Amino acid sequence: FFRMPKTVTLTIGPADGASDSAAGLEETETKITRSGLLQMLIDSHVCVDRKKDKTLKGKIQLYISDAETEFKIADICDDSGNMTEKIRSELQEWIYTHVTNQ
């Protein structure tokens, strides 16, 4: 039988915590795309509902049914733009707990 994919709401804030400029949001977009964070969500067979929130300074939030988590944008990438192990394992655990295992 076919199960409807769950929807994860991904809300991004400006990467530069101090600024709420469009450039800050662009930087966040680049980081979640280049690091593979967005792809990891897509690969877990969810619908990703993307939102922007300028008040969410320096953070991104993930929300599914009643489970919410947030990550500091500064923690997402290492210096070469790859996802850090810490974020990768936290995201994998969150996906496993709230997406895969439901």
Side-chain angles (χ1 to χ4, degrees):
F1 78 108
F2 180 71
R3 236 177 25 173
M4 282 297 292
K6 297 182 162 208
T7 298
V8 170
T9 303
L10 167 64
T11 308
I12 67 165
D16 174 2
S19 147
D20 60 3
S21 67
L25 289 168
E26 286 281 303
E27 192 184 328
T28 304
E29 286 283 347
T30 304
K31 285 187 176 193
I32 64 172
T33 306
R34 267 192 55 204
S35 67
L37 184 146
L38 190 58
Q39 195 57 49
M40 258 178 90
L41 281 173
I42 294 165
D43 289 347
S44 69
H45 306 294
V46 293
C47 292
V48 181
D49 177 23
R50 299 173 61 166
K51 294 190 160 84
K52 292 179 175 160
D53 181 355
K54 287 182 173 179
T55 65
L56 194 64
K57 294 188 190 309
K59 296 195 180 113
I60 64 167
Q61 278 179 344
L62 294 175
Y63 180 81
I64 189 168
S65 34
D66 56 356
E68 189 174 14
T69 191
E70 59 180 38
F71 298 112
K72 284 190 178 143
I73 294 160
D75 294 346
I76 293 174
C77 297
D78 60 21
D79 294 338
S80 55
N82 300 316
M83 202 186 319
T84 60
E85 269 313 303
K86 177 181 184 288
I87 294 287
R88 184 182 302 281
S89 64
E90 284 178 19
L91 184 59
Q92 277 174 333
E93 188 178 324
W94 191 81
I95 289 171
Y96 179 75
T97 306
H98 301 294
V99 180
T100 316
N101 226 6
Q102 289 300 310

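Quick caveat, the model's predicted, so the values are computed rather than measured.
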Response to the item:
One should read off an interatomic distance between Leu91 CG and Ile95 CD1, to the nearest 0.5 angstrom, of 4.0 Å

Item to complete: Tell me, please, which residues at least two apart from Arg88 pass salt bridge (charged side-chain N to carboxylate O under 4.0 Å, His left out).
Response: Glu85

Discussion item. Under the rule for side chain to side chain donor-acceptor pair (under 3.5 Å), what residues qualify as partners of Lys52, not counting sequence neighbours?
Written reply: none

Side-chain donor-acceptor pairs of residues 25-40 under 3.5 Å, sequence neighbours excluded:
residue : atom : partner : partner atom : Å
Thr28   : OG1  : Gly13   : O            : 2.7
Thr28   : OG1  : Ala15   : N            : 2.9
Thr28   : OG1  : Gly24   : O            : 3.1
Glu29   : OE1  : Arg50   : NH2          : 2.3
Glu29   : OE2  : Arg50   : NH2          : 3.0
Thr30   : OG1  : Glu26   : O            : 3.0
Thr33   : OG1  : Glu29   : O            : 2.7
Arg34   : NH2  : Ser80   : O            : 3.1
Ser35   : OG   : Lys31   : O            : 2.7
Ser35   : OG   : Leu37   : N            : 3.3
Gln39   : NE2  : Asp43   : OD1          : 2.9

Worksheet, complete the sentence: By salt bridge (charged side-chain N to carboxylate O under 4.0 Å, His left out), Asp49 pairs with (sequence neighbours left out) Lys51

Item to complete: Look up atom CE in Met83 and atom CG in Asp78, then write down how far apart they are to the nearest 0.5 Å.
Response: 10.5 Å

Discussion item. Quick check for you: to the nearest 0.5 Å, what is the distance between Asp79 atom CG and Thr84 atom OG1?
Written reply: 11.0 Å

Discussion item. Quick check against the 3.5 Å criterion: does Ser89 have a side-chain atom that pairs as donor or acceptor with the backbone of Lys86?
Written reply: yes

Under 3.5 Å, sequence neighbours excluded: what are the donor-acceptor pairs made by side chains of residues 63-76?
residue : atom : partner : partner atom : Å
Tyr63   : OH   : Ser65   : O            : 2.5
Glu70   : OE1  : Gln61   : NE2          : 2.8

Worksheet item: From Leu41 CG over to Cys47 SG, what is the distance, rounded to the nearest 0.5 angstrom?
Response: 11.5 Å

